[in-house]
Amino acid sequence: MLICAVRQNLRRWAWLAVLLASRVCAAADDVETCKKVDPLASPDACTAAIKSGSIQGHDLAVLYLNRGFLASRANDFDKAIQDYGEAIKVDPQYVNAFSNRCAVYVRKREFNRAIEDCDNAINLNANYTSAFVSRGNAYRLKNLHSQAIIDYERAIALDKNSIAALFGVALSYSSVEDYGHAIEAYGQVLKLDSKSAQALNNRGLIYLRMHDLDRAIQDFSAAIDLDPTFVYALNNRCSAYNSLKDADKALRDCDRAIELAPTYANPYIGRGRAHRLKKQTDLALNDYSQAIALDPKSAGAFFGRAYVHDQREEYKQAADDYAKASQLNPNDPETWNNLCWALGVIDQLKSALYACDRSLSLRPNNAVTSNSRGLVNLKSGNLAQAIEDYDRALNMSPKDENSLYGRGISKLKLGDRAGGREDIDAAKAISSTVADDFKKLGIQ
């Protein structure tokens with residue numbers, strides 16, 4: 001940089017030299033600014049350095065890469081991809097450019113292009129951790145979790161302190177319900193960063209799925225202690241308290257989550273469930289309806305509202321909402337079972353039978369659904385089939401008064417008075433209201 005230091009001492013007649021020196025110095029300054037890529041950096045320095053024409057080869061590729069990084073950080077993904085592509089044109093062996101473009105394609109959800117770029121990066125450098133992480137992300141978001149896990153584990157083998165790889169592998173293990181490995185991975189994250197509220201929240205969700213409610217609440221609470229405005233952790237702890245039937249604590253958390261994020265649907269679902277537990281059905285319906293208004297594709301909101309209608313014996317409204325929930329979440333056996341029951345009560349028996357069969361295809365040998373189908377067949381006059389359904393339910397749940405009573409009625413209708421009376425008496429011994437419950441369903 002000697003020419004820059006002495007340029008002010010040049011004589012007037014050397015004006016051309018001064019001009020040339022100024023341009024070289026400006027380009028050099030822009031290169032240094034662009035290379036730093038600090039939080040305050042502007043792409044203008046990179047653009048000026050690139051346009052100067054004084055930078056060639058790999059150094060030019062670095063400038064394109066850094067400008068692409070700045071564009072990516074500003075969420076201008078198309079510009080980032082363009083610059084990474086220019087870097088690759090200048091230097092086709094530039095691993096970082098392939099890996100960075102892969103990461104941007106992942107963010108754009110163009111997963112096949114992402115995988116292709118990460119493949120190229122890995123072919124150029126088989127020990128490039130970031131490329132394995134980004135390719136793992138692409139596979140995970142394509143629901144190819146086995147392939148994602150292989151890539152994440154490879155990244156961890158290369159860098160055991162890669163929090164990105166540990167998070168990714170935990171998410172994939174959780175998705176395939178390998179909760180032990182997922183919990184272990186989040187534990188490793190927390191060893192590296194004990195203040196990771198996200199890791200605590202995610203591990204809490206796994207414990208919640210495992211019905212280990214005490215540990216779930218412990219993790220959610222730790223996340224909230226680190227960040228009292230962590231809406232997702234508040235919502236999740238609300239769910240855990242609901243599972244414990246502690247409606248007051250659930251309400252406290254969901255109220256706070258709604259206060260922080262009034263357009264986030266899930267806390268309204270949680271608060272609706274808490275109100276339902278407290279038998280405040282009007283408030284529950286309002287919350288579920290608000291959740292549906294905010295997120296019309298929320299199966300949980302429709303299911304919750306249907307459940308309240310069911311409790312209020314508003315079976316037509318319940319059936320309508322269960323039907324919507326089953327469209328939004330067609331792989332949930334409980335939704336199909338509840339739809340079967342509600343349709344059976346209002347005598348839409350053909351549709352009810354279809355719903356029960358869908359539920360059993362997803363969750364075979366389930367006592368509750370076998371009982372529901374028994375009701376539908378009893379009301380349809382398919383008495384032998386009803387008895388078979390109730391037999392199956394009672395094999396799994398011998399003290400179920402509804403299945404005993406339904407089977408007893410079916411036997412009586414087929415002329416088996418002794419067998420029918422025996423089942424009905426056994427049902428009444430378990431529940432004094434069972435006969436009245438069946439009367440409400442139109443059966444006596």
Side-chain angles (χ1 to χ4, degrees), residues 37 43 46 58 60-182 184-186 188-189 192 196 198-199 202 205-206 331:
V37 196
C46 297
H58 179 74
L60 178 60
V62 170
L63 299 181
Y64 278 118
L65 179 110
N66 288 353
R67 191 172 69 175
F69 177 81
L70 292 169
S72 173
R73 193 168 61 187
N75 296 323
D76 188 348
F77 300 141
D78 291 335
K79 176 60 178 170
I81 287 168
Q82 181 181 347
D83 276 340
Y84 291 142
E86 291 298 323
I88 291 166
K89 286 180 185 177
V90 173
D91 183 356
Q93 305 298 308
Y94 199 2
V95 177
N96 295 31
F98 280 111
S99 181
N100 285 16
R101 192 170 67 176
C102 169
V104 175
Y105 277 133
V106 171
R107 294 176 70 185
K108 285 194 72 179
R109 304 188 71 82
E110 295 183 24
F111 302 129
N112 291 335
R113 287 184 172 182
I115 290 167
E116 182 181 354
D117 269 351
C118 275
D119 285 346
N120 286 326
I122 291 165
N123 287 336
L124 290 167
N125 182 353
N127 296 318
Y128 198 68
T129 304
S130 296
F132 283 106
V133 173
S134 292
R135 192 172 70 178
N137 291 339
Y139 283 135
R140 175 172 58 81
L141 293 168
K142 288 187 72 173
N143 293 316
L144 300 173
H145 293 290
S146 296
Q147 291 163 270
I149 288 167
I150 291 170
D151 274 348
Y152 291 134
E153 294 288 10
R154 176 59 178 158
I156 294 165
L158 290 167
D159 179 4
K160 64 181 180 180
N161 295 327
S162 172
I163 288 180
L166 288 164
F167 257 108
V169 81
L171 290 168
S172 278
Y173 276 131
S174 180
S175 293
V176 298
E177 299 183 2
D178 185 345
Y179 296 140
H181 280 107
E184 181 182 350
Y186 283 127
Q188 289 299 116
V189 172
L192 295 167
S196 174
Q198 188 65 61
N202 288 11
L205 276 173
I206 294 173
N331 295 319

Quiz item: So with a 6.0 Å cut-off around CD of Gln198, is the heavy-atom count from everything else above 12?
Solution: yes
Self-check item: Over all atoms of both residues, closest heavy-atom pair of Ala170 and Ala182
Solution: O-CB, 3.5 Å
Quiz item: So how far is it from Leu63 CG to Cys46 SG, rounded to the nearest 0.5 Å?
Solution: 6.0 Å
Quiz prompt | Partners meeting salt bridge (charged side-chain N to carboxylate O under 4.0 Å, His left out) with Asp117 (sequence neighbours left out) | solution = Arg101
Quiz item: Can you find a pair of side-chain heavy atoms, one from Ser196 and one from Phe167, that are under 4.5 Å apart?
Solution: yes
Practice problem: To the nearest 0.5 Å, tell me how far Tyr64 OH sits from Asp91 CG. | Solution: 13.0 Å
Exercise. Grab the two heavy atoms, one from Val133 and one from Ser162, that are nearest each other, plus how far apart they are.
Key: CG2-OG, 4.1 Å
Quiz item: Residues two or more places apart in sequence or in another chain: which of them pass side-chain contact (heavy atoms from CB on, under 4.5 Å) with Ile122?
Solution: Ala131, Phe132, Arg135
Quiz prompt | Non-neighbouring partners of Gln82 that pass side-chain contact (heavy atoms from CB on, under 4.5 Å), sequence neighbours left out | solution = Lys79
Quiz item: With no hydrogens and no angle check, is any side-chain donor or acceptor of Tyr152 less than 3.5 Å from a backbone partner on Asn137?
Solution: yes
Quiz prompt | Residue pair Ile115, Asp119: steps toward the side-chain contact (heavy atoms from CB on, under 4.5 Å) verdict | solution = CA-CA 6 Å; Ile115 290 167; Asp119 285 346; 3.7 Å; yes
Quiz item: Are any side-chain N or O atoms of Ser134 and backbone N or O atoms of Ser130, one a donor and one an acceptor, separated by less than 3.5 Å?
Solution: yes
Practice problem: Let me see the working for Asn112 and Lys142 under side-chain contact (heavy atoms from CB on, under 4.5 Å), right down to the final yes or no. | Solution: CA-CA 9 Å; Asn112 291 335; Lys142 288 187 72 173; 2.7 Å; yes
Quiz prompt | Ser72 backbone acceptor or donor facing Asp76 side chain under 3.5 Å | solution = no
Quiz item: Looking at CG of Asn120 and CZ of Phe98, how far apart are the two atoms once the value is rounded to the nearest 0.5 Å?
Solution: 4.5 Å
Quiz item: What closest approach, in Å, do Gly136 and Asp151 show between heavy atoms, and which atom pair accounts for it?
Solution: N-OD2, 3.7 Å
Quiz item: Could you give all pairs that pass the salt bridge (charged side-chain N to carboxylate O under 4.0 Å, His left out) test and reach residues 157-180, with sequence neighbours left out?
Solution: none
Quiz item: Of all residues at least two apart in sequence or in a different chain, which pass the side-chain contact (heavy atoms from CB on, under 4.5 Å) check with Leu171?
Solution: Arg140, Tyr186, Asn202
Quiz item: Quick one: does Tyr128's side chain get under 4.5 Å of Asn96's, heavy atoms only?
Solution: yes
Exercise. Compare every heavy atom of Leu158 with every heavy atom of Ala126, then report the nearest pair and how far apart it is.
Key: O-CD1, 4.3 Å
Quiz item: Just by distance, with hydrogens left out, do Asn127 and Arg154 show a side-chain donor and acceptor under 3.5 Å apart?
Solution: yes
Quiz item: Looking at Ala87 and Leu65, what are the two nearest heavy atoms and their distance?
Solution: CB-N, 4.1 Å
Quiz item: Ring centres of Tyr94 and His58 under 6.0 Å apart?
Solution: yes
Quiz item: Rounded to the nearest 0.5 Å, how far apart are CD of Gln93 and CG of Asn123?
Solution: 10.5 Å
Exercise. Taking the side chain as every heavy atom from C-beta outward, state whether Leu70 and Asn66 have any atom pair closer than 4.5 Å.
Key: no
Self-check item: Rounded distance (nearest 0.5 Å) linking atom SG of Cys102 with atom OH of Tyr84
Solution: 11.0 Å
Quiz item: Between Phe77 and Arg107, does a side-chain contact (heavy atoms from CB on, under 4.5 Å) hold up when you go through it step by step?
Solution: CA-CA 8 Å; Phe77 300 141; Arg107 294 176 70 185; 3.3 Å; yes
Self-check item: Qualifying residues under salt bridge (charged side-chain N to carboxylate O under 4.0 Å, His left out), relative to Glu86, sequence neighbours excluded
Solution: Lys89
Quiz item: Looking at OH of Tyr105 and CD of Glu110, how far apart are the two atoms once the value is rounded to the nearest 0.5 Å?
Solution: 6.0 Å
